[in-house]
Amino acid sequence: MKEKEIAFIGKITAGVTHEVNNVLASIREISGLLSDILSITSAESFPRKEKFQTSIQKIQNQEKRGVKLISRLNKFAHLPDVSSTEIDLNELIEHLIFLTERFGRIKNIELHTQPAGQSVKVITNPFDLQMALFNCIEYFLKNLDAGGKVFINPNNNKDEIFINIFAEGDFINISQLFDDSIAEELIVLGEITKSLNVVTEYDSSKLSIKLTLPIKK
Amino acid sequence: MNDIHVLIVDDEEELAAVIADRLEFRGIKAQTASDGETALKMIESDPPDIVLLDLMLPGMSGLDILKKINALDLNIPVILLTGYGSKEMTLEGMNLGAFDYIMKPCDFDGLISKIQEALESE
């Protein structure tokens with residue numbers, strides 16, 4: 001996708017997240033007001049008070065869920081704002097998993113990350129890197145049987161910064177595992193990693209993809 | 001908290017109104033204004049004890065309103081109501097002398113605490 005198109009989508013999405021945030025703020029305050037009123041209402045005068053109370057609590061739980069989602073979506077929408085910046089891989093991957101876990105849930109495949117013990121800072125294009133990781137996730141979701149698990153773990157040592165994406169579970173077609181001439185996601189992954197100077201290594205025995213990022217100072 | 005008078009400036013009228021209702025519920029007199037001109041007129045005619053000010057307003061921005069409140073020299077603490085993408089404006093607002101800021105959606109008890117802190121600091 002062209003830069004201008006990505007920026008357009010990002011800008012519109014970010015604008016909508018502002019509006020939705022205000023909607024959620026109103027829901028929070030309206031349900032809060034109902035709670036306030038209920039708190040001075042006796043159970044004798046309002047026999048369904050408890051049911052009403054638990055219903056308000058459910059609205060508030062959903063509102064909190066909405067705030068969490070919209071806050072992540074806002075951050076995601078701002079990713080195209082910069083073409084190169086310092087990011088923390090722990091944070092970037094955690095965001096991505098939060099936004100994509102629904103895709104896993106539909107296929108009954110769990111997405112996990114084990115953040116590195118320390119922050120893993122790297123200078124890169126955050127939008128492209130997320131897209132690369134998303135293609136890895138999509139590849140595994142398409143090729144893993146239900147009940148599988150996908151892990152995206154960032155790590156670093158003194159020589160390299162890398163992300164290990166690996167799967168646990170059964171592959172639907174093991175003979176074509178990591179065939180990057182067939183799988184569309186791996187073809188796209190190849191294009192993105194090339195533009196990011198990221199080295200991609202496939203390991204069929206570990207069902208893993210290792211992305212090694214260039215260290216820029 | 002019975003004698004406190006709060007002015008909420010937010011173009012999200014329903015949100016401002018329900019925050020006002022909740023403040024009234026706790027014995028705080030609350031009024032609302034949806035734009036800068038109205039807010040400044042209300043401040044001049046009946047100065048509130050505290051202003052809750054949204055930063056992203058159409059027309060006169062929250063920062064412009066804050067500057068005008070400062071110019072009135074009424075020593076009214078201002079708490080900024082912020083949303084996404086207003087980090088820089090929030091910092092500027094704090095530099096302009098806002099008492100504090102709170103992110104929308106607000107934690108209502110947190111808002112009450114900030115109002116109390118602001119009034120105690122006066």
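Naming convention: chains lettered A, B, ... in sequence-line order (proteins, then strands); numbering from 1 in each chain.
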Between CD1 on residue B/Ile19 and CZ on residue A/Arg28, distance to nearest 0.5 Å: 10.5 Å
Straight-line distance of A/Asp36 CG to B/Asp21 CG, nearest 0.5 Å: 10.0 Å
Within 6.0 angstrom of A/Glu201 CD, more than 12 heavy atoms from elsewhere: yes
4.5 Å side-chain heavy-atom contact, A/Glu29 and B/Pro105: no
B/Glu88 atom CD: more than 12 heavy-atom contacts under 6.0 Å: no
Interchain contact, B/Phe25 with chain A, by part (heavy-atom threshold 4.5 Å): side chain
Crowding at CZ, A/Phe8 (>12 non-hydrogen neighbours, <6.0 Å): no
Neighbour count >12 (heavy atoms, 6.0 Å) for atom NZ, B/Lys68: no
Neighbour count above 12 (heavy atom, 6.0 Å) for A/Glu86 CD: yes
Part of A/Ile70 lying under 4.5 Å from any heavy atom of chain B: both
Interface residue of largest heavy-atom contact number with chain A, from B/Ala17, B/Ala16, B/Cys106, under 4.5 Å: B/Cys106
Within-4.5 Å side-chain heavy-atom neighbours: A/Ser26 and B/Val18: no
Greater than 12 external heavy atoms within 6.0 Å of B/Tyr101's OH: no
B/Lys104 and A/Asn21 side chains, donor-acceptor separation under 3.5 Å: no
Between CD on residue B/Glu12 and CG on residue A/Asn22, distance to nearest 0.5 Å: 4.0 Å
Distance in Å, A/Thr17 OG1 paired with B/Tyr84 OH, rounded so as to fall on 0.5 Å steps: 6.5 Å
A/Glu138 atom CD, over 12 foreign heavy atoms within 6.0 Å: yes
